[in-house]
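For reference, the structure is listed below as structure tokens.
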Amino acid sequence: QVQLVESGGGLVQAGDSLRLSCAASGGAFNLWRMAWFRQAPGKEREFVGGIIWGDGRADYEESVKARFTISRDYHKNAMYLQMNSLKPEDTAVYYCAGTVVAGGPYDYWGQGTQVTVSS
């Protein structure tokens, strides 16, 4: 059973940078893909970007592609989300998720970390 724990959220100003971390344990070596999602107040959860655990290939939602970078440390079982040029509309609870099945649904979720960007 994979456990995921996010950290690194906080309150920042527009234009600032923030780095989120997601620590995986309990069978993280089985992961095929991990991803970041976010949910703003009153909105549905949305995909931010994901990474193939084995080879580190990442993909992004279009609106964050030029500003966010996902990486992973295979040996530390950790995934990161580097967020630059933050905007107020990036304010949300950010979740990391994982799946052990190629192309499968995300079965494992963290508890979320709040990111608030003030204007």
Side-chain angles (χ1 to χ4, degrees):
Q1 185 81 0
V2 179
Q3 293 88 43
L4 303 175
V5 179
E6 304 95 336
S7 61
L11 172 63
V12 297
Q13 293 186 332
D16 285 352
S17 297
L18 202 60
R19 188 194 195 209
L20 305 183
S21 299
C22 176
S25 61
F29 57 89
N30 285 322
L31 288 167
W32 178 75
R33 176 175 164 94
M34 293 185 71
W36 289 98
F37 290 78
R38 65 185 181 185
Q39 187 166 20
K43 295 188 177 181
E44 293 188 355
R45 185 173 59 196
E46 65 174 357
F47 173 78
V48 175
I51 190 165
I52 303 297
W53 192 247
D55 63 15
R57 285 180 294 144
D59 58 283
Y60 304 89
E61 193 275 328
E62 197 62 34
S63 69
V64 306
K65 196 172 185 177
R67 301 183 295 121
F68 292 6
T69 302
I70 296 174
S71 61
R72 59 95 172 93
D73 186 320
Y74 190 86
H75 297 290
K76 292 184 178 179
N77 290 331
M79 175 178 67
Y80 307 100
L81 178 64
Q82 178 67 43
M83 303 184 291
N84 299 328
S85 302
L86 281 162
K87 305 175 181 180
E89 51 263 44
D90 294 317
T91 295
V93 177
Y94 283 71
Y95 299 91
C96 68
T99 178
V100 298
V101 178
Y106 291 98
D107 293 322
Y108 305 102
W109 293 83
Q111 81 290 350
T113 186
Q114 176 71 47
V115 172
T116 303
V117 184
S118 63
S119 57

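For the residue pair G103 and W32, the shortest heavy atom distance occurs at N-CZ3, 3.1 Å. Nearest heavy-atom pair across G110 and Y95 is O-CD2, 3.7 Å. The heavy-atom pair separating A24 from L4 by the smallest distance is CB-CD2, 3.6 Å.
Judged by distance alone, with hydrogens and angles left aside, the side-chain atoms of R72 form a donor-acceptor pair with the main-chain N or O of G54 at under 3.5 Å. Judged by distance alone, the side chain of R57 and the main-chain N or O of I52 form no donor-acceptor pair under 3.5 Å. A side-chain donor-acceptor contact under 3.5 Å links T99 to the backbone of P105. E6 contributes a side-chain N or O that, together with a main-chain N or O of C96, makes up a donor-acceptor pair within less than 3.5 Å. In this structure a side-chain-to-backbone donor-acceptor pair under 3.5 Å is present from Q3 to Q1. Counting only distance, with no hydrogens or angles, the side chain of Y60 and the backbone of I70 share a donor-acceptor pair below 3.5 Å. Between the side chain of Q39 and the backbone N or O of A92 there is no donor-acceptor pair closer than 3.5 Å. Between the side chain of E46 and the main chain of R38, no donor-acceptor pair closer than 3.5 Å is present.
Between the CD atom of Q13 and the OG atom of S119 there is a distance of 9.5 Å, given to the nearest 0.5 Å. In this structure, NZ on K87 lies 7.5 Å from OG on S63, to the nearest 0.5 angstrom. If you take OG on S85 and CG on D90, they are separated by 9.5 Å, rounding to the nearest 0.5 Å.
Looking only at side-chain heavy atoms (C-beta outward), Q114 and T91 come within less than 4.5 Å of each other. Residues L20 and M83 have side chains in contact (heavy-atom distance under 4.5 Å, counting atoms from C-beta outward). Contact of the Y108 side chain with the V100 side chain is registered, since non-hydrogen atoms from C-beta on lie closer than 4.5 Å. In this structure, the side chains of Y74 and D55 stay at 4.5 Å or more apart for every pair of heavy atoms.
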Next on the checklist: Let's go through W36 and M79 carefully: what are the C-alpha distance in whole Å and the side-chain angles of both, what is the deciding distance for side chain to side chain contact (heavy atoms under 4.5 Å, CB included) to 0.1 Å, and is it a yes or a no?
Outcome noted: CA-CA 9 Å; W36 289 98; M79 175 178 67; 3.2 Å; yes
Checklist entry - Step by step, would you call Y80 with D73 a side chain to side chain contact (heavy atoms under 4.5 Å, CB included)? => result CA-CA 8 Å; Y80 307 100; D73 186 320; 4.0 Å; yes
Item to check | Residue pair F68, L86: steps toward the side chain to side chain contact (heavy atoms under 4.5 Å, CB included) verdict | outcome: CA-CA 9 Å; F68 292 6; L86 281 162; 4.0 Å; yes
Checklist entry - Can you list the steps and then say if S17 with N84 is a side chain to side chain donor-acceptor pair (under 3.5 Å)? => result CA-CA 4 Å; S17 297; N84 299 328; 2.9 Å; yes
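The hydrophobic clustering, which links ILVMFWY residues whose side-chain heavy atoms are closer than 4.5 Å, places I51 and V48 together. In terms of hydrophobic clustering, with Ile, Leu, Val, Met, Phe, Trp and Tyr side chains grouped at heavy-atom distances under 4.5 Å, W53 and V2 are assigned to a common cluster. Linking Ile, Leu, Val, Met, Phe, Trp and Tyr whenever their side-chain heavy atoms come within less than 4.5 Å leaves L18 and L11 in two separate clusters. Both V93 and Y106 are members of a single hydrophobic cluster when ILVMFWY side chains are connected at heavy-atom separations under 4.5 Å. Residues W109 and V5 do not share a hydrophobic cluster, clusters being chains of Ile/Leu/Val/Met/Phe/Trp/Tyr side chains in contact below 4.5 Å.
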